[in-house]
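Read through the structure below, which is laid out as structure tokens, and then see the notes.
Values in this document were obtained by computation on a predicted structure and should not be read as measured data. Just so it is clear: chains get the letters A, B, ... in the order the sequence lines come, proteins before strands, and each one is counted from 1.
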Amino acid sequence: MDTKRTVFPARGLPYLLVAPQLLITLIFFIWPAGQAVKSSFEAEDPFGLSTRFVGMQHYLRLFSEPAYLASIGRTAVFALAVSIISMGFALILAVAVNRLVRSASAYSTLLLWPYAVSPVVAGILWWFIFNSTTGILPFALEQIRIRWNHQLNGTQAMILIIIAASWKQVSYNFLFFLAGLQSVPQSLNEAAAIDGAGPVKRFWTIVFPLLSPTTFFLLIVNLNYTMFDTFGIVDATTGGGPNQATNTLVYKVYTDGYIGLNLGSSSAQSVILMAFVIALTVIQFRYVERRVQY
Amino acid sequence: MASIDIKGVKKVYQGNVTAIHGIDLAIGDGELVVLVGPSGCGKSTLLRMIAGLETITEGTIAIDSAVVNSREPAERDIAMVFQNYALYPHMSVRQNLEYGLKNRGTPRAEIDSRVAEAARMLEIEPFLERKPRQLSGGQRQRVAMGRAIVRQPKAFLFDEPLSNLDAKLRGQMRVEIRRLQHRLKTTSVYVTHDQLEAMTLADRLVVMNGGRIEQVGKPTEVYDRPASLFVAGFIGSPPMNLIPLEALKNIVGSAVLKDLPTETDLIGVRPDRMQTGEGEGFVLTGTVDLIEPVGGESHLYLHVEEIAAPLVMVMPGRPDLSEGAVVPIRLPLDALHPFSTRTGLRTD
């Protein structure tokens with residue numbers, strides 16, 4: 001790294017300049033996170049008058065609790081499904097737009113709109129579309145003899161939140177895939193065409209491998225997204241039900257902590273989630289950064 | 001091995017921009033033809049049309065007497081070496097070489113023997129298992145050539161393959177390409193803007209300008225008898241001196257220059273055909289403005305009364321002259337090239 005360093009004559013100035021950012025990080029991120037870690041080792045009496053230290057008790061209890069273990073499995077299904085669906089659709093759209101010459105920017109702009117929709121609104125939107133009494137899709141499904149009622153059917157509820165969460169994330173993935181595709185030199189495609197590879201073969205043997213840094217990066221980002229940013233979608237559509245079927249880890253933090261008022265267990269759950277996101281971020285920095293250059 | 005026949009080929013891009021205005025060119029079997037011209041002259045477009053990477057707006061291109069206009073690049077049985085090499089970065093050198101053969105369903109044993117053969121020929125055996133990023137520019141260039149050779153195609157197409165190399169390597173690779181082409185006797189089309197490359201490599205030179213062919217011929221023919229003002233200025237370094245006929249007549253009298261074809265109003269002289277001292281021809285008096293010693297020879301920039309642009313003269317060795325000296329410059333009669341400014345063409 002030979003970036004130019006600026007030397008400030010007054011030693012206090014640099015600290016003063018980074019102070020606002022540091023302050024925000026400390027007050028809004030580090031402090032609450034520290035509080036969560038602290039309360040995950042404590043138990044509170046029902047009236048919130050006293051707390052006592054209980055050690056690893058919350059953690060141990062969580063991992064022997066069937067509801068929590070089931071929630072891990074559900075979250076895994078949800079996260080993988082959303083990542084695969086949203087990345088798959090985004091890749092198809094990006095490949096299609098990448099072939100356009102003139103209208104590419106218009107399509108890209110339109111395809112970005114879902115990302116601007118807030119998770120709650122996205123949830124409500126899909127809730128309307130899938131509403132079992134008034135929605136358009138259940139009506140259509142009725143014609144092919146599928147009864148749609150996500151208020152009663154857990155699998156259908158899961159499908160609903162997967163669709164809603166994927167739809168919102170397609171835009172983001174699309175943007176990155178498009179940028180990735182545009183950085184694949186055209187001459188590689190041409191060389192492969194001369195080398196006798198058809199368009200599909202060219203895509204899978206040349207373009208897709210060269211996109212792998214983008215794909216890996218997006219996979220991490222999408223896993224993070226489904227783990228943490230989907231609270232609004234779950235809350236607005238299914239509220240974790242029916243019968244816990246859509247109670248993902250992040251939603252469970254909320255139901256146990258705010259509705260069940262079990263602050264200790266809720267804190268322990270958020271610490272586990274925090275550990276998970278830290279692990280993902282480490283992986284991302286260690287491997288993605290290194291593999292970008294080929 | 002094949003001939004390539006280009007008949008009345010035009011290229012018009014969207015928005016009615018014409019890149020190529022009707023080109024006819026017949027490339028013989030085993031011939032190395034160099035397309036040379038300044039950027040934007042259409043030489044790369046023409047090459048890409050032969051390769052099938054650009055559509056042909058009008059006219060036909062035939063490889064081995066079969067019109068290939070509507071064939072995919074893969075079906076034309078040609079190989080191309082790109083300017084940026086276009087090696088597949090995620091594959092090893094070996095995989096790069098094998099890719100085209102595998103796509104065509106070549107048997108494994110055949111692939112192995114062809115790759116081994118090409119690797120030996122190009123001396124890239126030690127790097128077969130490396131990735132392109134681990135190679136130097138010259139090595140990548142060899143791999144790119146190897147990828148073309150293993151295919152044993154009907155024709156090689158080279159798109160400025162040496163322009164990313166440094167001067168020394170460029171010279172080496174130029175010689176190697178020539179040697180390789182002689183040995184394999186594969187019909188080749190080579191695009192470059194470097195006139196030294198063009199002169200040394202070509203069996204036949206095609207000078208292009210503004211989407212048209214200016215002149216086709218052996219490099220020496222093109223050099224000795226440029227067909228147009230453009231070719232005169234483009235081929236040869238330093239470029240040909242162009243002197244207005246009027247100015248020349250004012251200096252040496254109209255009697256000497258009376259046998260020129262009508263329409264002639266510009267006289268070209270190659271810098272290396274100008275001499276000092278006595279002899280046949282006529283003599284101008286010039287003042288030395290600047291001397292550039294380039295090693296084995298020196299370039300003299302001369303100012304001659306009545307002629308606006310400085311004349312450039314190439315002298316062997318290091319002449320015993322200093323800047324400001326007044327020297328007689330002799331132009332031999334057989335070194336004069338008559339041109340017409342109106343048509344831009346040679347007049348004799």
Side-chain angles (χ1 to χ4, degrees), chain A residues 87 91 94-107 176-220 286-294, chain B residues 13-15 44 47-54 68 71-92 95-106 131-134 140 143-148 150-151 153-161 164:
Chain A
M87 286 170 69
L91 186 56
V95 168
V97 168
N98 196 36
R99 294 175 67 93
L100 297 173
V101 183
R102 261 187 277 173
S103 39
S105 64
Y107 276 101
F176 276 84
F177 273 132
L178 186 63
L181 285 172
Q182 282 170 349
S183 70
V184 173
Q186 185 55 29
S187 60
L188 287 183
N189 247 317
E190 294 175 347
I194 289 174
D195 264 344
V200 177
K201 183 150 201 184
R202 285 205 292 276
F203 179 78
W204 289 115
T205 56
I206 307 290
V207 178
F208 192 69
L210 293 181
L211 273 183
S212 62
T214 308
T215 312
F216 189 62
F217 163 78
L218 285 178
L219 184 67
I220 304 279
R286 296 242 356 205
Y287 296 97
V288 175
E289 305 284 306
R290 203 180 301 162
R291 290 191 46 191
V292 171
Q293 29 172 327
Y294 32 73
Chain B
Y13 282 109
Q14 273 182 350
S44 282
L47 189 80
R48 291 168 59 83
M49 285 200 284
I50 300 173
L53 300 173
E54 297 274 356
V68 295
R71 284 197 202 165
E72 289 292 314
E75 301 161 345
R76 299 189 182 197
D77 200 11
I78 42 96
M80 185 154 165
V81 178
F82 290 82
Q83 180 173 7
N84 62 2
Y85 318 134
L87 299 178
Y88 312 123
H90 56 298
M91 298 184 194
S92 69
Q95 288 168 324
N96 264 282
L97 298 183
E98 285 175 349
Y99 187 73
L101 296 172
K102 273 191 189 161
N103 286 338
R104 288 183 163 71
T106 315
K131 292 274 173 69
R133 66 162 179 274
Q134 297 165 302
R140 285 180 204 183
V143 177
M145 305 238 310
R147 195 168 62 180
V150 288
R151 292 254 320 278
K154 283 183 181 156
F156 291 140
L157 307 177
F158 295 92
D159 188 8
E160 310 209 15
N164 281 356

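- Only the backbone of B/Leu87 comes within contact range of chain A, judged by heavy atoms closer than 4.5 Å.
- With sequence neighbours excluded, no residue forms a salt bridge (Lys or Arg N to Asp or Glu O under 4.0 Å) with A/Lys201.
- Shown here are the salt bridge (Lys or Arg N to Asp or Glu O under 4.0 Å) partners of B/Arg76, two or more places apart in sequence or in another chain: there are none.
- Of all heavy-atom pairs between A/Leu188 and B/Tyr88, the closest is O-CE2, 3.8 Å.
- Considering only heavy atoms from C-beta on, B/Lys102 stays 4.5 Å or farther from A/Asp195 through its side chain.
- Annotation for B/Asn103 and A/Gly196: closest pair CB-O, 3.7 Å, computed over non-hydrogen atoms.
- Using a 4.5 Å cut-off between heavy atoms, B/Glu75 makes no contact with chain A at all.
- B/Met91 and A/Ile206 make their closest contact through CE-CD1, 3.8 Å (heavy atoms, listed as atom of the first residue, atom of the second, distance).
- Atom CZ of A/Phe208 has 12 or fewer heavy atoms from other residues, nucleotides or ligands within 6.0 Å.
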Determine, stepwise, if the pair A/Glu190 / B/Met80 fulfils side-chain contact (heavy atoms from CB on, under 4.5 Å). CA-CA 9 Å; A/Glu190 294 175 347; B/Met80 185 154 165; 5.8 Å; no
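- Nearest heavy atoms, B/Ala74 versus A/Ala193: CB-O, 3.4 Å.
- Nearest heavy atoms, A/Ile194 versus B/Ile78: CG2-O, 3.3 Å.
- For the atom pair NE2 (B/His90) and CG (A/Leu211), the distance works out to 10.5 Å, reported to the nearest 0.5 Å.
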